[in-house]
Amino acid sequence: VTGQAQLLPGTLDLLILKAVSLGPLHGYGILLRIEQISRRALLIEQGALYPALFRLVRQGLLTADWGTSDNNRRAKFYELTSAGRKRLRQEADEWKRLVAAMSAALGAQAEEI
Amino acid sequence: MKFLAPLRALCSSLFRGRRVDDEMDEEMRLHILSRAEDLERAGLSRGEAERRARIEFGGVERFKEEVRDVRWETHLENLLRDFRFALRSLSKDRKFVGTAVFALALGIGAATVVFSVFYNLLFNAVAAKDAERLVIPVIQDLESTGDRGWDAGALHCRLSDLDSIRQQNHVFENVVGYDSGVVQLRDGEGTYQLNVAPVTGDAFEFYGVPPLLGRGITPEDAKPGAAPVFVISYKTWKGEFNADPQVLGKSYTIDGEPRTLVGVMPARFQAYGRLRDIWVPFSWTNGMPRAQQEADLALLARLKPGVSAESASAELDVVVKRFAAAHPEDYPKHFRAGVLPLNDYLMGPSGYGSVFHSDIQLKSILYDLLAAVLMLLLIACSNVANLLLARATVREKEMAVRAVLGASRGRLIRQLLMESSVLAGAACLAGCAMAWFGMKGVETIVHEKAWANIGAETVFGLNAPVLLFALAATALTTLICGLVPAWRAGRVDLHPQLVGSGKGSGAGLRHGKFRAGLVVGQVALSIVLLIGAGLMMRSLYLLTHVDMGFDPKNILVVAFAPPRGHSQFPDRAKMASPEGQVLIQKDMERLRALPGVAAVAVNNTIPGYGPNRGPQVTVPGGTRAEETGLSECDENCADALGMRMIAGRWLSKGDVQTDQYVAVANQRLARDMFGEGNPLGQQLQVKAFTQFRSRGSRWAGKKPPDPPQDALFQIVGVVADVKNSGPQQPAIPMAFIPPLATGAFILQVRTNVEPGSMVHAVRDQIWTVDRDEIFWILDPLEDFLEQHTYAVPEFGVALSGPLAGVALLLVMVGVFSVMAYSVTLQTQEFGIRMALGAQQGAVLGMVLRKGIGLVAAGILIGVFASYGLTRFLASQIWGVSATDPWTFGAVVALVVMTGLAACLLPARRAASVDPLVALRYE
């Protein structure tokens with residue numbers, strides 16, 4: 001598994017929020033969704049998902065409910081709350097600003113100064 | 001029930017802790033399973049797929065732990081777990097727990113009792129509303145009282161002046177007035193003599209304590225022509241009125257006038273004079289002479305919010321100076337008027353227990369007691385810290401193992417602190433229980449013994465501030481005695497503990513020194529406490545064994561209203577008239593015939609407490625003038641009171657009956673006037689009789705009697721000095737003369753039996769002579785001394801004595817536990833010594849020497865500390881120096897003996913070590 005980037009601290013929460021915003025998912029589903037939307041470019045410590053999910057539920061950004069998965073197993077499904085949606089929007093904006101700033105800074109050429 | 005929601009959430013989340021764990025487990029299992037399936041589908045073998053899935057997932061337990069750390073309930077759970085663990089580990093060591101809890105409970109209990117007394121007497125003594133703003137207007141004669149501070153009496157003024165004060169000041173919310181006296185109350189069956197306080201109509205509303213039954217006195221009751229009413233105290237209701245709930249509205253005859261009982265006050269109401277039985281409104285009936293309006297009143301005022309006592313004093317001084325300008329005869333030449341906070345007044349020399357110049361003040365005693373009990377608490381703490389340290393030494397290995405297994409330092413400290421808080425918590429419960437009993441004891445001492453005048457409205461109990469104090473003391477003890485061992489446990493050096501035996505004497509040495517230091521400190525503190533209590537006891541002993549110059553045993557004092565005194569109740573001037581003196585003679589005849597009465601005499605002072613001031617007396621032609629107390633006596637006084645003649649004779653019957661100008665001097669007067677010369681036959685010149693010199697106080701508003709001026713008295717005898725300002729003060733110069741000026745109106749009845757038992761018989765005899773006679777029968781003279789002079793120091797001893805006893809007990813436990821423990825550590829050493837031929841006596845001596853060494857060090861420090869500290873006690877003790885060598889010596893001997901006793905048992909155990917058994921330990 002080469003070419004995968006380490007997650008920056010704090011970004012896992014944002015990724016989870018984004019993944020869940022596209023529809024209710026259980027834990028493993030979230031992993032798959034993140035892999036899918038990030039085109040498998042990010043290295044995710046799978047177990048770390050669960051403390052993060054617990055934390056997000058506790059902060060009221062997600063709700064969790066037991067349901068049945070595609071292959072008929074009991075699974076906990078996570079859904080975004082309105083507070084979560086708001087947080088996602090804020091953090092995504094911040095992230096975009098950060099990325100823009102970083103790439104501008106890193107892409108600077110000598111003659112531009 | 002919305003407020004319960006957070007509580008319910010807490011409970012469910014606590015109990016759900018397990019479920020959260022399980023759910024997390026299930027989710028993670030599902031994750032790994034799904035992953036494995038996906039991997040299998042991608043072509044891996046089943047076994048390989050599962051392995052890969054698990055590796056990719058990472059450590060399940062680590063992530064679960066991470067979740068636990070997020071949950072704050074975890075901390076609570078840890079706390080509970082620590083608590084359970086502490087209980088379990090403590091329950092293994094019952095002896096230790098018993099000793100520690102006992103020591104701490106004694107400390108906390110004693111501290112709580114003393115704090116309750118301190119708080120309730122100093123800050124909660126008065127039941128009135130806004131009690132902290134209540135003040136007593138006082139007046140100080142700057143000429144005669146010198147620098148004695150504000151100990152002058154309460155300011156008394158005329159009723160019309162009270163109105164002026166009300167109108168002319170800007171500092172008082174209101175001022176009320178009251179007087180005091182004695183009345184006779186008759187119901188159909190009997191006659192009772194009761195202490196009365198006439199009050200202004202608004203006094204009850206002003207004080208703000210609601211009545212138990214009926215109503216208090218209202219302004220309506222004090223209007224001219226209002227129906228006469230009265231209100232009784234709880235004690236009177238329980239006693240004379242048999243706690244009858246139907247008494248309200250009944251009419252009784254009070255001093256010959258019908259009055260209706262309208263209210264019963266609660267137990268916690270003792271306002272307007274000490275130990276009043278009934279209260280009546282100041283009122284005027286048509287038959288009463290107009291002059292009665294000029295009754296002199298004591299005052300009680302409430303400051304406006306935010307006004308300081310200083311500014312109120314300044315303003316009152318101006319107002320009273322104005323009165324003095326209008327009626328100069330009522331006031332001293334130079335005086336200042338001011339206010340004292342009610343509580344300071346009650347605590348001060350004019351308040352509880354010490355009306356007659358007692359130098360020992362309750363307030364300072366209370367502060368001393370608080371300091372003492374904090375020392376005691378410290379002793380208890382160091383005791384328990386010592387026990388915990390001993391335990392920690394034994395457990396060093398356990399701690400090392402736990403540290404190696406990954407327990408963090410903080411975790412170990414938390415664990416040990418939890419143990420000490422469990423101990424302190426148990427001790428707090430036990431201590432509060434002890435305190436409850438202790439307070440019952442204090443309440444009995446204060447309210448039921450003769451000193452009912454200390455804190456009449458005070459309730460000693462576990463009220464909220466006191467409980468809070470007990471809890472704070474508990475928290476503090478937990479910290480003090482738990483922190484040191486915990487801190488030590490935190491920095492255990494692991495290696496030697498795990499490698500070595502951990503029980504060698506080397507490991508114990510370091511702790512040994514610290515623990516020895518604690519014992520030394522304990523002994524030193526206890527020495528300070530014991531010396532303090534010892535000084536108080538010795539002072540009380542000296543005070544109660546002062547040579548009064550007469551014999552106060554078995555004397556009953558019957559005081560008739562002073563002839564020129566007055567009251568708003570029926571005219572008492574008759575006592576001044578010849579008929580009055582005849583009545584007193586008749587009374588004395590009847591009393592002499594009474595079985596149980598040995599002698600009866602009459603004079604004009606309460607023996608031991610007067611006269612403590614008087615006119616200037618000189619020798620004709622001499623230059624020296626002395627302020628001399630003049631006591632007007634009859635011929636029987638010297639015998640009845642047991643005075644000792646030094647030279648010459650006492651007044652004869654003839655002298656008294658024919659008003660001869662003869663005098664008996666006391667030794668002091670004789671010495672001051674004539675030195676070594678013979679005073680008999682010499683003459684004394686009395687400048688002017690000013691027996692009732694006005695001080696703007698008690699005797700204001702009266703015409704002074706018409707005394708002989710510049711009279712010459714021939715000295716016929718000299719008596720040994722008789723105390724006249726209480727037992728603490730040296731006697732002032734004194735002359736005993738026949739009743740010439742004020743008259744004699746105080747009967748001294750010496751009995752053969754317990755004088756208290758004669759009160760009823762004496763009263764009945766006097767009433768046989770005159771049914772309407774008004775008089776006080778004072779408590780037997782010994783009780784009177786107790787109330788007025790011994791009460792406060794006795795109070796100090798009653799509280800500090802047990803404290804010192806507890807301190808001694810704790811020190812004994814402390815020394816014993818340290819010695820016993822060090823003997824246990826050295827068992828092996830003793831075994832070797834004895835195997836090598838040491839005698840039992842030598843081993844015994846070794847242990848004793850070590851123990852006594854500790855005690856001696858403590859004693860040395862303690863004695864030095866006491867030497868410096870007892871000077872703060874100097875104002876609370878009398879007749880004994882603050883560094884009294886006898887007290888110091890006795891305390892040192894006591895502590896040495898206690899220390900020896902505490903060492904003896906461990907020493908004997910050391911001496912009886914069996915070498916074989918001891919060596920087998922190895």
Side-chain angles (χ1 to χ4, degrees), chain A residues 1-7 9-13 15-16 19-20 24-36 38 40-79, chain B residues 5-6 8-44 46 48-77:
Chain A
V1 200
T2 48
Q4 284 189 327
Q6 283 283 340
L7 272 187
T11 45
L12 181 59
D13 286 12
L15 284 174
I16 292 174
V20 175
L25 286 169
H26 54 76
Y28 185 57
I30 293 174
L31 177 76
L32 293 179
R33 176 69 53 82
I34 292 176
E35 283 183 341
Q36 179 202 350
S38 69
R40 293 178 182 273
L42 294 172
L43 180 68
I44 289 169
E45 206 182 359
Q46 297 184 12
L49 269 182
Y50 291 89
L53 282 170
F54 184 86
R55 211 165 41 234
L56 291 169
V57 170
R58 188 146 267 235
Q59 287 168 13
L61 303 177
L62 297 180
T63 53
D65 262 312
W66 287 96
T68 320
S69 71
D70 320 333
N71 43 15
N72 267 335
R73 287 204 178 93
R74 207 167 95 89
K76 209 181 207 175
F77 282 86
Y78 294 90
E79 206 168 338
Chain B
R8 208 175 300 135
L10 170 66
C11 288
S12 69
S13 107
L14 266 182
F15 295 117
R16 254 182 27 209
R18 174 112 304 168
R19 225 181 77 203
V20 169
D21 247 29
D22 290 347
E23 284 185 12
M24 186 83 52
D25 229 26
E26 191 177 343
E27 273 191 276
M28 289 177 173
R29 241 183 299 122
L30 177 70
H31 181 113
I32 294 170
L33 193 68
S34 312
R35 183 70 180 168
E37 278 170 3
D38 282 355
L39 287 172
E40 205 178 348
R41 231 172 278 135
L44 287 175
R46 190 179 175 81
E48 180 60 12
E50 276 175 14
R51 201 180 69 86
R52 274 279 285 285
R54 230 171 252 127
I55 291 171
E56 280 179 19
F57 191 85
V60 171
E61 286 308 315
R62 182 164 67 87
F63 293 119
K64 272 159 97 175
E65 197 57 47
E66 217 174 287
V67 169
R68 282 190 206 118
D69 280 350
V70 174
R71 302 177 59 227
W72 55 268
E73 295 90 336
T74 312
H75 299 293
L76 211 64
E77 274 169 18

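Naming convention: chains lettered A, B, ... in sequence-line order (proteins, then strands); numbering from 1 in each chain. These figures come from a predicted structure and were not determined experimentally.
If you take CD on A:Q46 and CE on B:M28, they are separated by 11.5 Å, rounding to the nearest 0.5 Å. In this structure, the separation between NZ on A:K76 and CE on B:M24 is 6.5 Å, given to the nearest 0.5 Å. For the atom pair A:L32 CG and B:H31 NE2, the distance stands at 8.0 Å (nearest 0.5 Å).
For A:P51 against B:F63, the heavy-atom pair with the smallest separation is CG-O, 3.6 Å. B:R35 approaches A:L31 most closely through the heavy-atom pair NH1-CD2, 4.5 Å.
Chain A forms the most heavy-atom pairs under 4.5 Å with one residue out of B:D38, B:V60, B:I32, and that residue is B:D38. The choice from A:A52, A:A75, A:A48 that makes the most heavy-atom pairs within less than 4.5 Å of chain B is A:A48.
Within the 4.5 angstrom heavy-atom criterion, no atom of A:I44 approaches chain B. For chain A, the nearby part of B:L33 is the side chain; its heavy atoms alone come within less than 4.5 Å.
A:R73 pairs in a salt bridge (Lys or Arg N to Asp or Glu O under 4.0 Å) with only one of the listed residues (B:E37, B:E27, B:E26), which is B:E37.
Using bins of under 30°, 30° to 60° and over 60° for the plane-to-plane angle, the ring pair B:F57/A:Y50 lands in the tilted bin.
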